[in-house]
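Working notes, beginning with the structure itself.
Quantities reported herein were computed from a predicted structural model and do not represent experimental measurements. The figures here come from the full heavy-atom set of this structure, side chains too, leaving out hydrogens, waters and symmetry mates. Positions are given from 1 along the sequence.
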Amino acid sequence: MNKFITSIKNIFAIEDLRTRILNTLFFIAIYRLGSYVVLPGVDPSRLKTGAEGLFGILDTLLGGAFSNASIFALGIMPYISASIVLQLLTIAVPYFQKLQKEGESGRKKINQYTRILTIPIVLAQSVGFIATINADAIINPGTFFTVSSMIIVTAGTLFCMWLGEKITDKGIGNGISMLIMIGIVSRLPGAIIGEAAAKGVNKSLIFLLEMVVLFLVVMAVIVLTQAVRRIAVQYAKQVGGTTQLDAQRQFIPLKVNAAGVMPIIFAQSLMFVPAIVASVWQNQSDLATYIGVKFSDYTSWQYNVTFALLIIIFTYFYTAISVNPNQIADDLKRSGGFVPGVKPGRDTSEYIDEILTRITLPGAIALALIAIFPAIALLLGVTRPFSAFYGGTSLIIMVGVVLDTVNQVQSYLLMQHYDGMMKSGKLRGRTAQPISVAS
């Protein structure tokens with residue numbers, strides 16, 4: 001506890017870091033306030049209290065902005081969709097592949113294309129959002145309301161995008177991910193209070209057990225997020241003038257869950273297809289009725305088995321497009337590195353691909369289990385809002401963003417601590433690494 005308090009004091013003792021944290025809190029406060037500003041022409045007292053299905057997931061990620069019919073109703077999600085599209089284009093289109101290899105300048109161009117693509121995406125999604133608003137809540141429905149709401153929602157998304165970039169530049173980083181995480185965390189206190197009230201005094205022991213299980217699930221997600229398989233890499237001796245540096249050994253870290261949360265997002269978007277298709281023939285076929293009923297209930301075993309299989313498939317797919325063994329092998333060969341016992345070039349690529357395939361399977365299975373755990377928690381008596389935090393998209397995003405933020409703060413502390421010693425003139429000597437000099 002003392003170490004934790006000391007770390008907090010160190011964080012706020014550095015003026016620049018303290019300013020960045022306060023800026024982040026300020027931008028987050030603006031984002032949360034905007035989530036409660038209702039669209040003009042909508043009566044908030046007549047809105048539905050909650051959303052279900054895909055809209056319920058979206059509402060959770062947006063911290064209730066969707067169900068509130070706010071000016072931030074779509075939040076940063078259209079920008080995420082545009083980012084996914086651009087990421088897929090960097091694999092399929094040679095022009096975007098070239099941009100990706102151009103370094104910082106190419107990254108800036110891709111970011112600019114992402115911003116431009118966000119506009120048509122949010123305009124299209126705003127039409128669907130307006131259609132979900134309860135008709136009784138719209139005071140003067142018509143073309144003017146639809147067009148004005150589309151413009152306001154689009155402007156709200158662009159403003160959220162600007163807030164995310166400001167958090168990245170002026171705050172502690174991870175601006176876009178931070179906004180999503182804040183939306184998720186904003187629902188957690190209410191979910192815990194609702195669960196405690198539902199259990200009451202008579203079932204307080206069950207509530208404590210649920211909190212322990214939640215803690216264990218969070219620890220499991222942290223392990224899955226941080227787990228890596230390290231491949232040893234040897235670099236040849238480097239000779240410069242009369243100095244010869246010893247060969248260095250480094251590692252290639254391959255993440256067990258390289259795909260992150262994307263397989264769950266892709267799988268969830270497809271899980272609504274069977275129910276929609278079955279509804280067309282619902283009155284004509286018993287099989288269609290059966291499929292429609294089972295796939296409309298996310299606690300059914302049919303739904304969860306299909307969901308888990310899709311997650312495993314998409315994990316392999318997204319890992320294949322995000323991690324390129326050929327490029328890793330080429331980069332190693334150009335830099336003079338090699339995997340001990342493996343020939344550079346094609347053999348190295350095949351070796352990395354084989355290891356990646358092996359570690360992806362347990363990662364995909366673990367990701368699938370985490371994704372279906374909220375349904376299991378709901379069947380065991382946990383309330384619906386609280387069960388959402390036992391896994392799935394919400395928990396993985398929340399854990400990932402928190403870990404990234406903590407790592408950034410720690411790195412910043414180390415950097416500032418080093419600069420502080422330099423300024424005070426109390427730089428301590430460090431043990432030198434041995435360097436062999438050629439005779």
Evaluate the side-chain contact (heavy atoms from CB on, under 4.5 Å) criterion for residues Leu117 and Leu86: first the C-alpha distance (whole Å), next the side-chain angles of each, then the deciding distance (0.1 Å), finally the verdict.
-> CA-CA 9 Å; Leu117 183 60; Leu86 264 296; 3.4 Å; yes
Inspect the surroundings of [atom1] in [X] and state if more than 12 heavy atoms from other residues, nucleotides or ligands are less than 6.0 Å away.
| X | atom1 | result |
| --- | --- | --- |
| Glu15 | CD | no |
| Arg18 | CZ | yes |
| Phe159 | CZ | yes |

Distance (rounded to the nearest 0.5 Å) between [X] [atom1] and [Y] [atom2]:
| X | Y | atom1 | atom2 | answer |
| --- | --- | --- | --- | --- |
| Ile121 | Thr154 | CD1 | OG1 | 11.5 Å |
| Gln327 | Ser349 | CD | OG | 11.0 Å |
| Lys255 | Ser322 | NZ | OG | 10.5 Å |
| Ile139 | Asp43 | CD1 | CG | 5.5 Å |
| Ser335 | Tyr235 | OG | OH | 4.0 Å |
| Thr114 | Gln87 | OG1 | CD | 10.0 Å |

Nearest atoms (heavy-atom pairs only) where [X] meets [Y]:
| X | Y | answer |
| --- | --- | --- |
| Gly392 | Ile264 | C-CD1, 4.2 Å |
| Ser387 | Ala377 | CB-CB, 4.1 Å |
| Thr157 | Ile76 | O-CD1, 4.5 Å |
| Tyr390 | Glu210 | OH-O, 2.8 Å |
| Ser35 | Phe72 | N-CD1, 3.9 Å |
| Leu62 | Ala73 | CD1-O, 2.8 Å |

Walk me through it: do Phe129 and Leu39 pass the test side-chain contact (heavy atoms from CB on, under 4.5 Å)?
-> CA-CA 12 Å; Phe129 159 69; Leu39 285 171; 3.6 Å; yes
Report yes or no: does [X] contribute a side-chain atom to a donor-acceptor pair with the main-chain N or O of [Y] at less than 3.5 Å?
| X | Y | result |
| --- | --- | --- |
| Ser149 | Thr146 | no |
| Thr348 | Lys343 | yes |
| Ser394 | Phe389 | no |
| Asn407 | Leu403 | yes |
| Asn324 | Asn326 | yes |

Would you mind telling me which of Ile231, Val339, Ile252 makes a side chain to side chain contact (heavy atoms under 4.5 Å, CB included) with Ile355?
->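 By the side chain to side chain contact (heavy atoms under 4.5 Å, CB included) criterion, Ile355 pairs with just one of Ile231, Val339, Ile252: Ile231.
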Walk me through it: do Phe373 and Val213 pass the test side-chain contact (heavy atoms from CB on, under 4.5 Å)?
-> CA-CA 11 Å; Phe373 201 76; Val213 173; 4.2 Å; yes
Residues that Ala388 engages under side chain to side chain contact (heavy atoms under 4.5 Å, CB included), provided they are two or more places apart |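 So Ala388 forms no side chain to side chain contact (heavy atoms under 4.5 Å, CB included) with any residue.
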Are [X] and [Y] packed together at the side-chain level, in the sense that at least one heavy-atom pair is separated by less than 4.5 angstrom?
| X | Y | answer |
| --- | --- | --- |
| Ile397 | Ser177 | no |
| Met178 | Ile172 | yes |
| Leu99 | Thr90 | no |
| Val406 | Gln408 | no |
| Leu74 | Phe66 | yes |
| Ile180 | Val401 | no |
| Arg115 | Glu165 | yes |
| Leu361 | Tyr316 | yes |

Contacts of Thr383 that satisfy side chain to side chain donor-acceptor pair (under 3.5 Å) - sequence neighbours left out =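 Testing Thr383 for side chain to side chain donor-acceptor pair (under 3.5 Å), a comparison that skips the adjacent residues, returns Glu195.
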Under the side chain to side chain donor-acceptor pair (under 3.5 Å) rule, collect the residues that match up with Arg187, sequence neighbours excluded.
->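 Here the qualifying residues are Asp59.
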Relative to each other, are the rings of Phe96 and Tyr113 parallel, tilted or perpendicular (30° and 60° limits)?
->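 Plane angle over 60°, so perpendicular.
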Tyr303 and Phe307 aromatic ring geometry - parallel, tilted or perpendicular at 30°/60° bounds |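 Ring orientation of Phe307 relative to Tyr303: tilted.
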Asp169 bridged to Lys166 by N-O distance under 4.0 Å =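 A salt bridge is absent here (no side-chain N lies under 4.0 Å from a carboxylate O).
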Step by step, would you call Leu395 with Val218 a side-chain contact (heavy atoms from CB on, under 4.5 Å)?
-> CA-CA 8 Å; Leu395 183 59; Val218 172; 3.8 Å; yes
